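As structure tokens, the structure follows; a few thoughts come after it.
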Amino acid sequence: MERGFEMKQKQHGFWDDVKKYKALLLMLTPAVLFFLLFAYVPMAGIVLAFKQFNYTGGVFGSPWNGLDNFKFFFGSGDAWRVTRNTALYNIAFIVVNNVLQIFAGILLFEVAGKWFRKITQTMLFLPYFISWVVVGAIAYNLFNFDVGTVNVLLKGLGMQPVDIYNTASYWPVILVVVSAWKTLGYGTIMYLAAITGIDTEMYEAAEIDGANIFQRIMKITVPNLMPTVIILVLLAIGNIFRGDFGMFYNMVGNNGLLFSSTDVIDTFVFRSLTTSNEIGMSAAAGFYQSLLGFVTIMLANYAVRKYDKDRALF
Amino acid sequence: MSTTAKIQTTKVRKRVNTDRLLLSIIGYVSLTLLAIFCIFPFILVVSSSLSEESTIIEKGFQLIPTDFSTDAYSLLFKYPADMLRAYGVTISVTLIGTLFGLFLTSMTAYVLSRRDFKWRGRFSFFFFFTTLFSGGLVPWYLMIVNYLHLKDTLLVLILPMMMNVFYIIVMKSFMSSIPDAITESAKIDGAGDFRIFMQLIVPLSKPALATIGLFIALAYWNDWYNALLFISKSELMPLQYYLYKMLGNMDGMRKAMMASGAVVNSDLPTESLKMAMTIVATGPILLVYPFIQKYFVQGLTVGAVKG
């Protein structure tokens, strides 16, 4: 049956297929156009990374300048700083967020009260729904030097107020906490779903064997969650060189005093493009990020494939 | 013999029960703390927006307002023209974008879910590759500004966000679970592919459409990034970007308010006004999210099964 179908296909030419799938191809056309315009054609714009951009020449008419943009980017010392920050932040986010989410997921599964679970879940999920601009406003409420809540509390305890928006060293902690806060509900629900999927017979067997509930969690729930954890973490590692622009930009903005510990590749590229208008150099930095991202995602996917073929992205 | 066994089982059961109790205590306490951690900032903002400006200046933001005042809100609603216009932009962008985005996403997903479509693998890869590699911000920006000439148009707030590979994948995996027999029998009855999609597949995909539709709508509602890059005209500012602008530029706010005669220079309650604006800009989301969160849970779990 299958073979006969293929034989028939082979006698058909390309245009016969086009005719056969005419309606389906038409239905795909808008999406294809969309991704051509907003993803594939811009890929050709990578040539900008090797050009001295001017507005009269445009993308393709501007003169080539070899690797000058890259030399500029790497020579300034910015490249190392933003790459390091991007990777370190993402590693911290992956570790802290996943540990917290698994912890909350397990507890949410184990506690009895249905209403308690519902209300907690709703409260944990709230930060997921608000924009980064609103998060920025909340941060202002908390961290402002004169009127911020943190300093109100410190003064109330008789301590010196802290100048958070002028001190780079506070920010890694702040950003890790904010990221945990924003993603807690989302991840908890993802893990809760995975826990709910664990075969209950295993729990019953453990109970008959006299295992207490903590042993059951450590010996059954956690090991059974590991496949999900590994996949999610590997995929997150694939995105380790992509900074969350919305978060960094709304929390820190263009506050140069904090760049040493908060500037990531995405904010750097944005700033070079919009404030200093260094088109060639920001294109070079963007290309560098895309390449790094591509290589890490391929490696991560390779790792997922080795671990569990069905879970790999491709 | 049997009595000792009995004693042992009761011992075990007792231990199991105390362990359960201990876990319940840990569970209730930690989850309550985490839940407070998640909503605490919102309570702070609400309370700050309801505080007397002079108290804020003197004592800072408080968790519970000592001098209750709705000045900030009444000022905001006295001359609401800018805020309303930003609301209007956001609502129209969200409606149009979600409608078209959902239609195109599901249509694309349906074609990719058709097992008899010869090139489905190739097209899937065509879409998927864009998540692996991109030209970066600069070429994308120049494409939109210099070649598509979309700067300062309503379209630039809608178009770039209309489709997303992740949504196509989630939708496709949902549609793959619809039996092929439905498409096949409709074909035998002489229905075209588009008609099959609109009349059979769309009604069967309601849960997935609701989920993805809400994901798209939330992304449009919360978008400020496209406005940051492409919008300089104040009449085209969406809500979140308007909030962003106002938070960073209270002087501009003061000028606008003075021009409209709302305030004289000195008595603008800057701090409480910022917080009131934050609440007004978030408002609808805070009200509807408890009712729509179940759809997001659906989307997350579908997406987690196969990315």
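Being a predicted model, the structure only gives us computed values, none of them experimental. Heavy atoms only: backbone and side chains are in, while hydrogens, waters and symmetry mates are out. In the text below, chain A, chain B and the rest are named by the order of the sequence lines, each starting its count at 1.
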| field | Flag if over 12 foreign heavy atoms under 6.0 Å of NZ, A/K155 | value | yes
| field | Residue part contacting chain B, namely of A/I106, when any heavy atom lies under 4.5 Å | value | neither
| query | By a 4.5 Å heavy-atom criterion (distance strictly below it), what part of A/V41 contacts chain B: side chain, backbone, both, or neither? | reply | side chain
| task | Name the region of A/L184, side chain, backbone, both or neither, that has any atom closer than 4.5 Å to a heavy atom of chain B. | result | side chain
| With side chains defined as the heavy atoms from C-beta onward, is the minimum distance between B/Q293 and A/T122 less than 4.5 Å? | yes
| said: Does any backbone or side-chain atom of B/L34 lie under 4.5 Å from a heavy atom of chain A? Answer side chain, backbone, both or neither. | reply: both
| request: Using the ring of A/Y140 (Phe, Tyr or Trp, six-membered ring only), decide whether B/K274 places NZ or CZ under 6.0 Å from its centre and within 45 degrees of its axis. | output: yes
| query | Does any heavy atom of chain A fall under 4.5 Å from the side chain of B/E58, the backbone, both, or neither of them? | reply | neither
| remark: From the list B/G136, B/P160, B/G248, the residue making the most non-hydrogen contacts under 4.5 Å with chain A is B/P160
| chain B contact via A/V32 - which portion, at a heavy-atom distance below 4.5 Å | both
| field | Straight-line distance of A/T274 OG1 to B/L229 CG, nearest 0.5 Å | value | 7.5 Å
| message | At a 4.5 Å cut-off on heavy atoms, which part of A/V295 comes close to chain B: side chain, backbone, both, or neither? | response | neither
| request: Give, as side chain, backbone, both or neither, the part of A/L124 having an atom under 4.5 angstrom from any heavy atom of chain B. | output: both
| said: Please enumerate all residues that pass side chain to side chain contact (heavy atoms under 4.5 Å, CB included) together with A/M123, with sequence neighbours excluded. | reply: A/I119, B/A35, B/I39
| said: Does atom NZ (A/K51) have a neighbourhood of more than 12 heavy atoms from anything else shown, all under 6.0 Å? | reply: yes
| B/I64 atom CD1: more than 12 heavy-atom contacts under 6.0 Å | no
| query | Mind checking whether A/K20 and B/K118 have side chains closer than 4.5 Å, heavy atoms only? | reply | no
| field | Heavy-atom pair of closest approach, residues B/G135 and A/S290 | value | C-OG, 4.4 Å
| query | Does B/L286 reach the side chain of A/L126, with side-chain heavy atoms less than 4.5 Å apart? | reply | yes
| said: Between A/F35 and B/F129, is the ring centroid distance below 6.0 Å? | reply: no
| query | Would a 4.5 Å heavy-atom cut-off, applied to side chains only, mark B/F117 and A/L25 as touching? | reply | yes
| task | Select one option (side chain, backbone, both, neither) describing which atoms of B/S124 are under 4.5 Å from chain A's heavy atoms. | result | neither
| message | Determine whether a donor-acceptor pair (N or O, by modelled atom type, separation under 3.5 Å) exists between the side chain of B/N222 and the backbone of A/F129. | response | yes
| Interchain contact, B/M143 with chain A, by part (heavy-atom threshold 4.5 Å) | side chain
| How far apart are the closest heavy atoms of B/L159 and A/F34, and which atoms are they? | O-CE1, 3.0 Å
| Nearest atoms (heavy-atom pairs only) where B/P139 meets A/I46 | CG-N, 4.2 Å
| request: Counting only heavy atoms closer than 4.5 Å, note whether B/L243 contacts chain A via side chain, backbone, both or neither. | output: both
| remark: Counting heavy-atom pairs under 4.5 Å with chain A, the top scorer among B/T108, B/L44, B/I292 is B/L44
| query | Using non-hydrogen atoms only, which part of B/F103 is less than 4.5 Å away from chain A: side chain, backbone, both, or neither? | reply | neither
| remark: Given the options B/W140, B/F126, B/F133, B/F127, A/Y40 meets ring pair (Phe, Tyr, Trp, His ring centres under 6.0 Å) only with B/F126
| task | Could you tell me which of A/A31, A/A39, A/A23, A/G286 has the largest number of non-hydrogen atom pairs under 4.5 Å with chain B? | result | A/A31
| field | Any side-chain heavy-atom pair of B/I144 and A/F38 under 4.5 Å | value | yes
| query | Side chain, backbone, both or neither: which part of A/I231 has a non-hydrogen atom closer than 4.5 Å to chain B? | reply | neither
| message | So which atom in B/L228 and which in A/Y249 form the shortest heavy-atom distance, rounded to 0.1 Å? | response | CD2-CE2, 3.8 Å
| field | Heavy-atom proximity to chain B below 4.5 Å, by part of A/F103 | value | side chain
| task | Using non-hydrogen atoms and a 4.5 Å limit, figure out which bit of A/Y186 sits close to chain B: side chain, backbone, both or neither. | result | both
| Centroid-centroid under 6.0 Å between A/F14 and B/W119 rings | yes
| query | Using a cut-off of under 4.5 Å for heavy-atom pairs, which of A/D146, A/L26, A/V59, A/N144 has the most such pairs with chain B? | reply | A/V59
| Heavy-atom side-chain proximity of B/R120 to A/L24 below 4.5 angstrom | no
| query | Are there more than 12 heavy atoms of other residues, nucleotides or ligands under 6.0 Å from atom OH of B/Y295? | reply | no
| With a 4.5 Å heavy-atom cut-off, do B/M107 and A/P30 have their side chains touching? | yes
| query | Given that the side chain runs from C-beta out, which part of B/L23 has a heavy atom under 4.5 Å from chain A: side chain, backbone, both or neither? | reply | both
| field | Contacting region of A/V177 [heavy-atom separation from chain B under 4.5 Å] | value | both
| task | Sort A/N239 into side chain, backbone, both or neither according to what part of it lies under 4.5 angstrom from a heavy atom of chain B. | result | neither
| message | Tell me if the aromatic rings of A/F125 and B/Y289 count as close, with their centers under 6.0 Å from one another. | response | no
| field | Under 4.5 Å from any heavy atom of chain A - which part of B/L104 | value | side chain
| What closest approach, in Å, do A/L107 and B/G27 show between heavy atoms, and which atom pair accounts for it? | CD2-CA, 3.8 Å
| message | Can you tell me which portion of A/L142 sits under 4.5 Å from chain B's heavy atoms? Options are side chain, backbone, both or neither. | response | side chain
| task | Take A/Y21 and B/V111, measure what side chain to side chain contact (heavy atoms under 4.5 Å, CB included) needs, and give me the verdict at the end. | result | CA-CA 10 Å; A/Y21 300 120; B/V111 178; over 6 Å; no
| CA sep, side-chain torsions, deciding dist, call: A/I138, B/F42, side chain to side chain contact (heavy atoms under 4.5 Å, CB included) | CA-CA 8 Å; A/I138 291 172; B/F42 295 94; 4.3 Å; yes
| So which part of B/E271 gets closer than 4.5 Å to some heavy atom of chain A, the side chain, the backbone, both or neither? | side chain
| field | A/L48, part contacting chain B, at a heavy-atom distance under 4.5 Å | value | side chain
| Judged by atom type as modelled, is there a donor-acceptor pair below 3.5 Å linking the side chain of B/W224 to the main-chain atoms of A/V133? | no
| field | Top of A/V135, A/I217, A/T120, A/L192 for chain B proximity - count of heavy-atom pairs under 4.5 angstrom | value | A/T120
| query | Under a 4.5 Å heavy-atom cut-off, does chain B meet the side chain of A/Q289, its backbone, both or neither? | reply | neither
| query | Got B/F296 and A/Y128 here, is their nearest side-chain heavy-atom distance under 4.5 Å? | reply | yes
| remark: Under 4.5 Å to a heavy atom of chain A? For B/Y141 that would be side chain
| query | Where is the tightest heavy-atom contact between A/I213 and B/D19, given as atom of each residue plus distance? | reply | CG2-O, 3.8 Å
